[in-house]
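This report refers to the structure that appears directly beneath it.
Small disclaimer: the values here were computed from a predicted structure and weren't measured. Each chain gets a letter, A, B and so on, in the order the sequences are listed, and its residues count up from 1.
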Amino acid sequence: MQLDPPPWGTLTLSKAIPWVEKRNRITLSNSQRIAVEKTMNNKVSVITGGPGVGKTTVINSILHIIRAKGIDTTLCAPTGRAAKRLSESTGQQVTTIHRLLEFHPLPFGFKRNADHPLDTTLLVIDESSMVDVILMNKLLCAVPDHAALLLVGDVDQLSSVGPGYVLADIINSQKIPISQLTEIFRQAACSNITTSAHTINTGHVPNVTNKEGISDFFFISAETAEEITDKLLNVVLCRLPLRFGFDPVKDIQILTPMNRGGVGAHSLNNILQSQLNGNAEPKVTRYGRTFSPGDKIVQIINNYNNDVFNGDIGIIRRINLEDNEAFVQFDDREIHYDFDELDELSLAYATTIHKSQGSEYPCVVIPLSMQSYMMLEKNLLYTGVTRGKKMVVIIGQKKALAIAVKTQRSMRRKTWLRERLRMP
DNA sequence: TCCTTCGT
C-alpha cells in the first residue's frame, strides 16, 4: 500500500518548487529540495534530522504545494506543546494525536479507527520519535487507505517512554523513503554545540578544551554530588550571569537525567528556589509545593482553556492571599490560577531532559553523575545538549560523560518491527 | 531502575 502512487498523483515539481520558493520568499537548500521532491513523489515517507536543519521549512513547502491543489491535509503531534509549536510555524490547525483520534477516557478508547477513519488525504505526524508502538498502531489504523502519510522527527532524540522504537525501526527497515536533513541553518554551523552534538551521535566524547570566550560548549569536571552541586550553583548564580550576561531564571535552564538523587531535578529545584527566590513573599503552599512571586515554574498538564501546555515555562508574578489566586507570566501573557489549580504547576529551575524534549533554551546546564548511571545514554545527552541555543555547560564526572556517549539503551529494545517491515 | 504522554 505504501508503494501506491500518492493521492495527488504526479506533480510537476520543476514548476511547483520555484513557485513555493517565490510564494514563501525562501530558497530551499539542495537537501531540502530533495526532501520536498521525495515526499511529494511517495505515498508514505519520513523526514528526519536534528534541530535547525529546516524540517519545518520543508513541511511548509510541501503543505503549500499540496493545498494549492485543493488536497486536504491534517497535522498532528504526540504532545500539546509540539502541536502548538507546529501550529505556530505552519499557521494551520494542529492537534494532539489523542484529540485527533477522539480519545475518551471513560470507555478508554479512540472513536476514530479503521471503521470510522480520519477524513483526510495527507496526514503529517510531527515529533514522531516520541510516539510509542501502541499509539502509532491506533493512529495508522485510523488513516484511510487512500491517504498519504508523512512522519517527521529526530531519530537521535530520546525514544518513546512507552514500548517500541517506531521511528527508528521504520527508518532502519529501509522499506520507506527517508529524507535525512543534516545541513544546519539555525545555529551557526561552526557552533561547538552543533559539532559536539554530532560528535555525541557518533559515540565519542566531544572536544572539551575549556577556553572560555571562544567556545559555547563547556565541560567542568566534578566528582561527588556535593561538588557537582557547588560548581553548578557557582556557574548558574555567578559565572554565567557575570561573564555572559545570562539571567539565572529567564535564560539558564538546568537539565538533569533524573528527578531523584543528589543532582536530580527535585533536589536542585529546592536549592535554587531558596538561593534565587528564598526571601520572596508572600508564599503559598498547595499540593506539597511552595510558590512565591519570582519563582520559575512549568505547566505540567495541558490546559486548552488558557492555551497553556505541558512543558510551558513561566514566572509567578503575583500571589493574592486574600482571593486565593496567583498570576503567572508565560512569554507575554499573564494567566490566572486559583490556588486549587496550583497542582497544574511545578518548579522549573531544573527539569529532566525527558521533559525538555521539544523545548529550547538560551543556556543549558547539565549535571552528569554516575548516580544517574541507569539513565546515561547517547540519546539522552544528545537531547539535552541540543536544547541549548547559545551555550551548553556540562558539570560532572568524565566517566559519566564517557559512559553516556557509548551507551545506546534504545537498541536493547527487542521490538521486531524493523524485521516485520522487511518481511515480504 | 528510570524516564513519562494523552483526556474531561
Side-chain angles (χ1 to χ4, degrees), chain A residues 75-86 94-113 125-139 141-142 153-154 156-167 254-269 298-312 340-341 343-344 346 348 350-359 366-384 387 400 403-404 407-413:
Chain A
L75 280 63
C76 67
T79 69
R81 257 184 77 76
K84 185 187 179 186
R85 225 184 25 243
L86 185 64
V94 185
T95 60
T96 64
I97 296 171
H98 282 77
R99 284 203 146 196
L100 181 69
L101 298 181
E102 296 171 45
F103 177 75
H104 290 288
L106 251 180
F108 198 86
F110 299 100
K111 231 169 129 183
R112 295 287 183 167
N113 51 38
I125 311 167
D126 197 17
E127 294 284 6
S128 50
S129 65
M130 296 164 88
V131 184
D132 67 24
V133 72
I134 298 145
L135 186 59
M136 187 63 88
N137 171 256
K138 295 290 181 196
L139 180 55
C141 284
D154 184 355
D156 295 313
Q157 283 196 32
L158 286 161
S159 41
S160 55
V161 171
Y165 196 29
V166 178
L167 182 65
I254 300 165
L255 298 181
T256 65
M258 297 206 299
N259 274 312
R260 287 187 276 179
V263 290
H266 294 322
S267 161
L268 291 174
N269 264 326
V298 57
Q299 175 84 18
I300 54 170
I301 58 165
N302 292 340
N303 185 325
Y304 288 92
N305 291 329
N306 290 340
D307 201 35
V308 179
F309 295 92
N310 190 348
D312 283 353
D340 58 14
E341 295 171 322
D343 55 345
E344 295 188 12
S346 74
T351 185
T352 61
I353 295 174
H354 269 85
K355 266 200 86 67
S356 78
Q357 260 206 108
S359 301
I366 304 173
L368 219 54
S369 158
M370 290 300 287
Q371 280 193 357
S372 6
Y373 177 76
M374 282 297 166
M375 293 300 301
L376 296 180
E377 63 159 327
K378 212 170 74 172
N379 296 43
L380 184 87
L381 189 62
Y382 169 85
T383 303
R387 299 310 92 199
I403 286 175
T407 308
Q408 259 194 304
R409 238 159 255 292
S410 41
M411 298 303 257
R412 295 178 201 165
R413 294 186 184 185

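Straight-line distance from the CZ atom of A:Arg409 to the P atom of B:dC3: 12 Å, rounded to whole Å. When rounded to the nearest whole Å, the span between CZ of A:Phe108 and C1' of B:dT8 equals 13 Å. In this structure, CE of A:Met136 is placed 16 Å from P of B:dC6, rounded to the nearest angstrom. Rounded to an integer number of Å, the gap from A:Leu106 CG to B:dT8 P is 12 Å. Distance A:Leu158 CG to B:dT5 P: 12 Å, rounded to the nearest Å. In this structure, A:His266 places its NE2 atom 8 Å from P of B:dT4, rounding to the nearest Å. For the pair A:Arg412 CZ and B:dT1 P, the interatomic distance rounds to 15 Å; values are reported in whole Å. Look at CG on A:Asp312: it is 12 Å from P on B:dT5, rounded to the nearest Å.
Comparing A:Met374 and A:Val161 along DNA chain B, the residue whose closest nucleotide (by nearest heavy atom) sits nearer the 5' end is A:Met374. For A:His104 and A:Met375, each mapped to the nucleotide of DNA chain B holding its nearest heavy atom, the one lying further toward the 5' end belongs to A:Met375.
For the pair A:Arg387 and A:Tyr382, the NZ or CZ position fails the cation-pi test of under 6.0 Å to the six-membered ring centre and within 45 degrees of the ring normal.
Between A:Asn310 and B:dC6 there is a side-chain N or O to OP1 or OP2 distance below 4.0 Å. For B:dT8, the OP1/OP2 oxygens have no side-chain nitrogen or oxygen of A:Asn302 closer than 4.0 Å. For the pair A:Thr352 and B:dT4, the criterion of a side-chain N or O lying under 4.0 Å from OP1 or OP2 is met. OP1 or OP2 of B:dT5 lies within a sub-4.0 Å distance of a side-chain N or O belonging to A:Lys355. Using a 4.0 Å cut-off, some side-chain N or O of A:Asn259 falls inside it from OP1 or OP2 of B:dC3. Distances shown here put every side-chain N or O of A:Arg99 at or beyond 4.0 Å from the OP1 or OP2 atom of B:dC6. Within the structure, every side-chain polar atom (N or O) of A:Ser160 is placed at least 4.0 Å from both OP1 and OP2 of B:dT4. A close approach under 4.0 Å does not occur between any side-chain nitrogen or oxygen of A:Tyr304 and OP1 or OP2 of B:dT8.
As judged by a 4.0 angstrom heavy-atom cut-off over every strand, A:Gly80 is placed among residues touching the sugar-phosphate backbone only. Residue A:Pro105 is classed as a base contact, given a heavy-atom separation below 4.0 Å to a base.
A:Asp156 and A:Lys378 are not joined by a salt bridge, as no carboxylate oxygen comes within less than 4.0 angstrom of a charged side-chain nitrogen.
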Could you walk me through whether A:Val298 and A:Asp312 pass the side chain to side chain contact (heavy atoms under 4.5 Å, CB included) test, one step at a time?
CA-CA 6 Å; A:Val298 57; A:Asp312 283 353; 6.0 Å; no
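Within 6.0 Å of the CE atom in A:Met370, the count of heavy atoms belonging to other residues, nucleotides or ligands exceeds 12.
Residues A:Phe110 and A:His98 place their aromatic rings such that the two centres sit under 6.0 Å apart.
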